[in-house]
Amino acid sequence: LPVHPENYNNEEDEKLVEDYLNKFYAVEPDPNQLGWKINAESTAEKLQKMQKFFGLKVTGKPDSETLEMMKKPRCGVPDVGLYG
Amino acid sequence: VTLPGWKKTKLTYRIVNYTPDMSKEDVDNAIQKALKVWSTVTPLIFTRIHEGIADIMIAFGTKAHGHCPRYFDGPLGVLAHAFPPGNGFGGDAHFDEDEDWTTGSAGFNLFLVAAHEFGHALGLSHSNDQRALMFPNYAYVSPSEFPLSPDDISGVQSIYGSQPNAPDKRPATPTSPKTCDSQMSFDAITTLRREVIFLKGRHLWRVYPDNSQVELELISTFWPNLPSSIQAAYENTKDQILFFKGNKFWVISGYQVLPGYPKNISTLGFPKGVKKIDAAVCNKNTGKTDFFVGDKYWRYDENSQSMETGYPRRTVDDFPGIRQKVDAVFQQKGFFYFFHGSKQWEFDPTTKKVIREIKRNSWFNC
C-alpha cells in the first residue's frame with residue numbers, strides 16, 4: 001500500500017521513518033543476484049515488517065505508536081536479513 | 001535467527017580503546033562480565049589479549065569510525081553495533097562514544113549493551129521477544145539479575161551447545177527468586193481484586209489467599225512497558241493499580257498502561273524533594289492512600305484526587321509499632337500488612353495497633 005505524505009506530521013518524522021527502515025529493515029542485496037532487483041520493497045511493506053517485529057498494530061502507516069518505537073535508543077544491527 | 005558460529009570455543013577479545021565516561025577498570029569489568037553471560041550457558045571461553053588482532057575487537061567511536069561500514073548518529077538513536085563471527089570485522093563490537101556510558105541505571109549501562117552486542121558477535125540476530133537480551137531496543141535491567149531469557153539461551157545453545165559441566169544438563173534458565181527463600185525480600189506488594197501481587201526484580205507472584213495458590217510470572221508477561229525493580233504499588237478505588245519507580249509512576253487498568261504515563265510523582269502533590277516512594281496502600285474503607293517515604297508518610301484522598309494538608313507526618317505517630325522504613329505494604333480483609341527486611345507486621349488501622357509479627361513469607365505456604 002503506498003504511504004501518502006499526509007500520514008507524516010512533519011518532515012522530521014518522514015526522515016526518521018526513511019532512515020530507520022533503510023538502516024534496520026532494508027533487505028541486503030543477494031550476492032548471487034545477477035541483475036537489478038525489479039521489485040524493491042516499498043516503504044509500507046518495510047513499515048509493516050517493522051510493526052510486526054515489535055508487536056505493534058500492522059498498518060503500514062507511521063502512526064504515533066510506531067514513531068514512538070522508532071525513537072527508542074537501540075542497537076545498530078538490522079532486524080532483518082543476514083546482518084553481516 | 002542464528003548464523004554460523006565460530007568454529008572454535010576458545011575466543012580472544014581485545015579492548016582497543018576506552019570511553020572517558022567510565023574508569024578503565026569499570027570498562028574492563030563490564031566487558032568481562034558481559035562475555036561471562038554467554039560463557040555461563042555455552043562451552044565458550046574468552047581470553048583477553050592486549051596486542052594484535054583478537055576474534056572480538058572492542059572499540060569506542062563516533063559517527064564514521066575507522067573503516068567500519070556502519071556509522072554512528074550522535075547521542076541516543078543507535079548505541080552500538082557488532083558483526084557476526086568471521087574474519088576482518090567479524091565478531092567486532094563498536095560502541096557509540098557520543099552516548100553516556102555508565103555502570104548503573106543512568107545513561108546506558110555498558111555491561112547490558114555489551115552483552116547484547118556480544119550476542120551478535122557470537123552469531124545471534126535480534127529477537128522480537130521483548131524479554132530477550134537480543135531484543136533490539138535498550139531496556140535497563142538490574143545488573144544483579146541474570147539478563148538472558150530462555151529465548152537467548154536456546155538461540156546461543158543451538159549454535160554452540162550448552163555449558164559442558166552444567167550440573168543437570170538442562171539449558172540454564174534465568175535464576176528466578178525462590179519463593180520460600182528466607183532471605184527473600186519484596187520490592188513492592190499490591191492487591192488486585194481478590195489476589196495479592198508480590199513484586200521482586202523482574203518477577204511477580206500472584207497469590208490467591210482464599211485457596212493459597214501461588215503463581216510466579218515475569219512482570220513483562222502482563223505489562224511489557226513496566227520496568228523491573230518496581231519500588232511501590234497499590235490498588236486504588238477505581239480497579240486500577242499504580243506502580244512507582246524513582247520519580248515516575250504508571251497507572252494500569254487490566255493489561256493496559258493508561259495513555260500519558262509514566263508521569264512524575266510531583267503531579268500527585270509530592271514536593272520536589274521527594275525522589276521516590278518506598279511503599280503505598282489505599283485504605284478501601286476510607287478511600288485514602290498512604291504513601292510511605294523514609295520515616296514519614298503522606299495521605300492522598302482518592303476521591304478529591306489531592307494530597308491532604310498537614311502531611312508529611314511521622315509514620316510511627318499514626319502507626320504505632322511501625323518504626324522502620326516500610327519496604328512494602330498492602331491491605332487484606334481490612335488489616336494492613338507492613339514489610340521491612342525480614343519482618344512483617346499485621347496492623348489494625350481502626351484500633352491503630354500491631355496485632356502480631358509474622359514471617360515475611362507467610363503468604364506462600366512455605
Okay, B:Asp96 and chain A: the region with an atom under 4.5 Å from a heavy atom over there is neither
Per-residue tally against chain A (heavy atom, under 4.5 Å) across B:Pro75, B:Pro136, B:Gly77 peaks at B:Pro136
**Message:** With a sphere of 6.0 Å drawn around CD of B:Gln256, does it hold more than 12 non-hydrogen atoms of other residues, nucleotides or ligands?
**Reply:** no
From the list B:Gly90, B:Pro69, B:Gly86, B:Ser127, the residue making the most non-hydrogen contacts under 4.5 Å with chain A is B:Ser127
Item to check | Any side-chain heavy-atom pair of A:Lys23 and B:Val78 under 4.5 Å | outcome: yes
dist A:Met69:CE -> B:Asn137:CG (nearest 0.5 Å) comes out at 6.0 Å
Honestly, the part of B:Phe95 sitting under 4.5 Å from a heavy atom of chain A is neither
(Q) Within the supplied structure, the quantity of interest is the number of heavy atoms (other residues, nucleotides, ligands) at a distance under 6.0 Å from B:Leu258 CG; does it exceed 12? (A) yes
So CE of B:Met134 and SG of A:Cys75: to nearest 0.5 Å the spacing works out to 6.5 Å
Relative to each other, are the rings of B:Phe135 and A:Phe54 parallel, tilted or perpendicular (30° and 60° limits)? perpendicular
Okay, A:Lys71 and chain B: the region with an atom under 4.5 Å from a heavy atom over there is neither
Taken to the nearest 0.5 Å, the spacing of B:His126 NE2 from A:Phe24 CZ works out to 8.0 Å
A:Pro78 side chain near B:His81 side chain, heavy-atom distance below 4.5 Å:
no
So, the part of B:Phe108 with a heavy atom under 4.5 Å from chain A: the answer is side chain
Rounded to the nearest 0.5 Å, the NZ atom of A:Lys52 sits from the CG atom of B:Asn128 at a distance of 8.0 Å
When the 4.5 angstrom heavy-atom criterion is applied to B:Gln130 and chain A, the contacting part is side chain
Evaluate whether atom OH of B:Tyr18 has more than 12 neighbouring non-hydrogen atoms of other residues, nucleotides or ligands under 6.0 angstrom away. yes
